[in-house]
Amino acid sequence: MDAIQTDGLTRLYGSLTAVDGVTLAVQHGEVFGVLGPNGAGKTTMVRLLNGVLAPSMGACRVLGLDPKTQGGEVRRRTGVLTESPALYERMSARENLRFFGTMYGVPVEKLSSRADAMLDDFGLAERADDKVGGFSKGMKQRLALARALLHEPEVLFLDEPTAALDPEAARRVTELIMEFTRQAGRTVFLCTHYLPEAQRLCDRVAVLNRGRLIATGTLNELARTLWHGTWVDIECLAVLTPSLSDALRGMPGVTDARLDGMRLAVQVEGEEVIPAVVRAVVERGGQVLRVDPREHTLEDVYFELQGEPASQPAMVGGRP
Amino acid sequence: MNWRAVGALARKDLREVRMNKVAWIPAAIVPMVIVVLLPLAFILAPNLFAPATGTTNSAANVQTLISLVPPSMVNELHGLNDAQRWVVFSTGFVSAPMLLLLPLMFSSIAGADSFVGERERKTLEALLYTPASDGELFLGKVIGSVVPALLLTWLSFAVYAAVVNIAGWYIMHRVWFPTAAWWPLMLWVAPAIATLGMAAAVLISSRVSTFMEAYQLTGTLVIVVLALVVGQATGVLSLSVPVTFLVGAGLWAVDAVLVWLSVRLFSRGAAKALA
């Protein structure tokens, strides 16, 4: 059984469709990214999956439960980190954790020790009794992450967890997310528009646009559907003869080849063709210095899917 | 019902509102006036100034005022001299509705901080992601608003009783307060008024976005209490024991409707809760 399933999930706010017929499945232990610009419907998805909002149409299940009718049980087994830390600023870090631990049903006898352990793990032990209002944004977000994990949820929802943080604080939060999700084998549903973060953390991603799901898969799967073949950059020690590119174009599995002095850019149908291409270059006198198959980034995939012109992989030094 | 969560939420709300000085500084002044200064003025002023003016405490004026007293209270004034009648009339009869301002004020402040303040501080969403049901969240917030309001009201009432009896001792020569009508007023009407203030705060919270807006709007409820004050002072309405029970019943009926509406507004399904 999947950890999260949605089937035609739809949520309307008056005439606005925030989530539009989304169907997806998230496996247990998977870090699943939901990408999209502001207003794409990511936060509404989190609310729907936690039973905080009811779907207008369609259905969803989390850990086999229906959030609409079993919201309490769903929320007992999930943790949510929102973009804004949503902490009680007049209370101390320890008081915040104890309060939310009580709300999440952490047993009384475990509450103090677990709160203290989380404060320690998240580097907040020294400020445990200080009012949260005096914390930096990064500290607040770390505390909010500790709160989301305090009751040891099976599924963790992260809604733009680093959007409001400076790069250093964002990196620290991302490291903590990796540490506390990977080692525990938790299922993670990460909503973000910070693409390097998603690429670093996610096993698979879904791309939303105006509430609609436009693609789902691993980075490689998505790249394969978007671009036919892989570009390989080959750099040699001396200037290559122009006939080389014509020869390469005639090889099986090669779809394009472009020459620029000592550099070649060859488009192949699959990575298995690369050794034959290298061999052909060497046989024609090329002294190969470096072979670099280009990897598509999540950013390339994302902008291609969103229909924006950042997708075509640019070659260094004026290459295609 | 998860009473542990309900209790934790109520305690958290109480702690939060206690730290909201903007709310409590004005709220501390009004009880001081109503509970201490007002009875002292009623008891002491006529006797201090009567010799100079010769009118305030005159038998004629006292008789005019006492003509407003309901028949049920006439017995309480029987056998008293004019000064004693004035003390009983002013502090035991006219002031009664004034004390109802306190549960209204306390609960509407606490309610506004609990419901609107939580949203204003962007902490409500974290609460909605907990396993607590809508009913448990609502009940926790109601307890966090109404119970402290009532406890403060009853504490103020105790202080008022002490001030009235001590300051009036040289006139009354006995502990005479509270009179019978005050018990249903404090135990039946005050809880209804406190609930009214809380429910009004919840309803108003769906229309405003800041604590101060809600605080100011709930202030309009003072009209309800002022109506009782004016009614009592002019003799149109006399808060005798049966009338007090009736007024309380009417307020509880209004409360039932407002609380029903409040519960609907506070549910997770209400988009405003997340706005």
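Please read all numbers here as calculations on a predicted model, not as lab measurements. Below, all heavy atoms of this structure are taken into account, side chains as well, without hydrogens, waters or symmetry copies. Labels below follow one simple rule: chain letters A, B, ... track the order of the sequence lines, proteins then strands, and each chain is numbered from 1.
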Side chain, backbone, both or neither of [X] within contact of chain B (heavy atoms, under 4.5 Å):
X	answer
A:Phe100	side chain
A:Glu95	side chain
A:Arg147	side chain
A:Val46	both
A:Ser84	side chain

Look at A:Val106, A:Val74, A:Leu81 and state which one has the largest set of heavy-atom pairs under 4.5 Å with chain B.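 With the most close heavy-atom pairs to chain B, the winner is A:Val106.
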Count the heavy-atom pairs under 4.5 Å between each of A:Ala86, A:Ala54, A:Gly105 and chain B, then report the option with the highest count.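 Between A:Ala86, A:Ala54, A:Gly105, the count favours A:Ala86.
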Thinking salt bridges, do [X] and [Y] make one under a 4.0 Å N-O criterion?
X	Y	result
B:Asp113	B:Arg121	yes
A:Lys42	A:Asp159	no
A:Glu89	A:Lys140	yes

Parallel, tilted or perpendicular for A:Phe157 and A:Phe189, by the 30°/60° rule?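 Ring orientation, 0 to 90° scale: tilted.
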Which of parallel (below 30°), tilted (30 to 60°) and perpendicular (above 60°) describes B:Trp183 and B:Phe157?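 Plane angle over 60°, so perpendicular.
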Chain A heavy atoms under 4.5 Å from [X]: which part of the residue, side chain, backbone, both or neither?
X	answer
B:Leu137	side chain
B:Arg11	neither
B:Glu118	side chain
B:Lys122	both

Is there a side-chain contact between B:Leu258 and B:Val202 (heavy atoms, below 4.5 Å)?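 No, every pair of side-chain atoms sits at 4.5 Å or beyond.
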Does a side-chain heavy-atom distance below 4.5 Å link A:Met91 with A:Phe99?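 A:Met91 reaches A:Phe99 side chain to side chain.
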Can you see whether A:Asp129 engages A:Ser92 through a side-chain donor-acceptor pair at a distance of less than 3.5 angstrom?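 On atom types as modelled, these side chains do not qualify, holding no pair under 3.5 Å.
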